[in-house]
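Only heavy atoms go into these numbers, but all of them, side chains included; no hydrogens, no water, no symmetry mates. Model, not experiment: these values are computed from the prediction. Below, chain A is the first sequence line, B the second, and so on; all start at residue 1.
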Number of protein chains: 2
Amino acid sequence: MNEQTFSALADSNRLDIIDLLLTQPQSVGEIAEKLELNQPQTSKHLKVLNEAGLVEVQPEANRRIYKLKAESFQEIDRWLDSYRKMWEARMDRLDDYLDVLQGKKPLN
Amino acid sequence: MNEQTFSALADSNRLDIIDLLLTQPQSVGEIAEKLELNQPQTSKHLKVLNEAGLVEVQPEANRRIYKLKAESFQEIDRWLDSYRKMWEARMDRLDDYLDVLQGKKPLN
DNA sequence: TAGGAATATTCTTGTCAAGGAATATTTATA
DNA sequence: TATAAATATTCCTTGACAAGAATATTCCTA
C-alpha cells in the first residue's frame, strides 16, 4: 500500500474536495466556491490529489474539470482486504456467543 | 471520515508496523527488532497509531503487547462504501463492453 | 491580437512531525 | 531493595507542508 495515497487523504480540505467530487466532476472554481477556499489553495490541493492518483483532470474550454479516479480507491479497498479477516474473525466469535445465548452451544 | 486516521497511516514505518501486527499481536521490542527500528521510534509510532485508534495495548508482565483494533479499519471500509458506487458504475460499463465483444449487444 | 477569465506556480512564513540522543518510568528479579 | 529489562518521554534539530500573497500561464473571445 502506498504511503502517498494516505498522505494525500490526511488533510481535511482534501477530504472535503474528494467528498464534493463524489457528487459530480467539476471545475476548480466551483470547488473553491463551494468549499470557501481561495483559488490557489484549491489548485494546490488538487495537484496533491492528482499526484496521488486520486483525481484526474479533463480540460474543458479554459476550465479544468476534476473527477475522482477509481483506481486509488480500489487500491485502498484491496489493502483493506487483508484486514477484513481480522474483524471477520471477531464476528465469528460474536456468532459463537449468540449461539451460546440461544442454548445451541455450551460455553467453553 | 477522520483525518487523523489517514494521518497515522501516512508513514511507511507505521504501515510496516500495522502489516506486521496483522500476523500476530506482539511487543514493542519484537516490532522494533523485526523492522530494524530503534526502540524509542517504535514506541513513538505506536503512540500515534494508538491515538488514532488503529492499535490497542495489553500489558503482559513488563512488556506491552500491541494488537490491531478492528474499528478504525472498519471505519475506513464504511468510508470506502461511498466510493464503491463510483467504480462499480465503471465496472458496469466494462460489462457492457464485454457484451459487445461477445456480440450480445450492439455498440451505441 | 489584446484583454479577460480560469487556473497554476512561486515565494515566504509559520507550524508540525520525524528521527536521533539522552533520560525517565515501570516492572520483574536476584 | 538494588539492578536490569522493557518501554515511554523529553529535548533538539531538521525537513516537509499548509496558507497567504503575488504573479505567471493558458485559453477563449471580442
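Each end of the helix from C/dT1-D/dA30 to C/dA30-D/dT1 gets its own axis, taken as the rotation carrying the C1' atoms of four end pairs onto the next four within a five-pair window, and the two axes meet at 10° to the nearest 10 degrees.
In this structure, A/Gln58 atom CD and C/dT7 atom P are separated by 13 Å, rounded to whole Å. Look at CD on B/Glu51: it is 12 Å from C1' on D/dA8, rounded to the nearest Å. A straight line from CG of A/Asp11 to P of D/dA16 spans 18 Å, rounded to a whole angstrom. Between the CG atom of B/Leu49 and the C1' atom of C/dA17 there is a distance of 14 Å, rounded to whole Å.
Between atom CD of residue A/Glu56 and atom CG of residue A/Leu21 there is a gap of 11.0 Å, rounded to the nearest 0.5 Å. Atoms CG and CD, from A/Leu80 and B/Gln74 in turn, are 10.0 Å apart once rounded to the nearest 0.5 Å.
The side-chain heavy atoms of A/Met1 and A/Glu75, taken from C-beta on, include a pair separated by under 4.5 Å.
For B/Glu33, the CD atom is loosely surrounded, since the number of other residues' heavy atoms within 6.0 Å does not exceed 12. Within a 6.0 Å sphere centred on CZ of A/Arg63, other residues, nucleotides and ligands contribute 12 heavy atoms or fewer.
Across every non-hydrogen atom of B/Leu9 and B/Leu15, the tightest pair is O-CG, 3.4 Å. Counting all heavy atoms, side chain and backbone alike, A/Ala52 lies closest to A/Thr5 at O-OG1, 4.3 Å.
Mapped onto DNA chain D by nearest heavy atom, B/Ile65 and A/Ala10 fall at different nucleotides, with B/Ile65 at the one closer to the 5' end.
Here B/Arg63 does not reach the OP1 or OP2 of C/dT26: none of its side-chain N or O atoms lies under 4.0 Å away. OP1 or OP2 of D/dA8 lies within a sub-4.0 Å distance of a side-chain N or O belonging to B/Tyr66.
In this structure, A/Thr23 contributes its side chain and A/Leu20 its backbone to a donor-acceptor pair below 3.5 Å. Remark: the backbone N or O of A/Gln24 is paired with a side-chain donor or acceptor of A/Gln26 at under 3.5 angstrom. B/Ser72 places a side-chain N or O within 3.5 Å of a backbone atom of B/Gly53 that can act as its donor or acceptor partner.
Neither side chain, B/Ser7 nor B/Gln4, offers a donor N or O lying under 3.5 Å from an acceptor on the other.
Side-chain proximity of A/Arg64 to C/dA18, D/dA6, C/dT7: nearest is C/dT7.
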Identify all pairs in which a protein N or O lies below 3.5 Å from an N or O of nucleotides 27-30 of chain C, and state each distance.
none

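Remark: B/Asn38, B/Pro40, B/Gln41, B/Lys44, B/His45 in residues 29-48 of chain B come within less than 4.0 Å of DNA chain C through at least one heavy atom.
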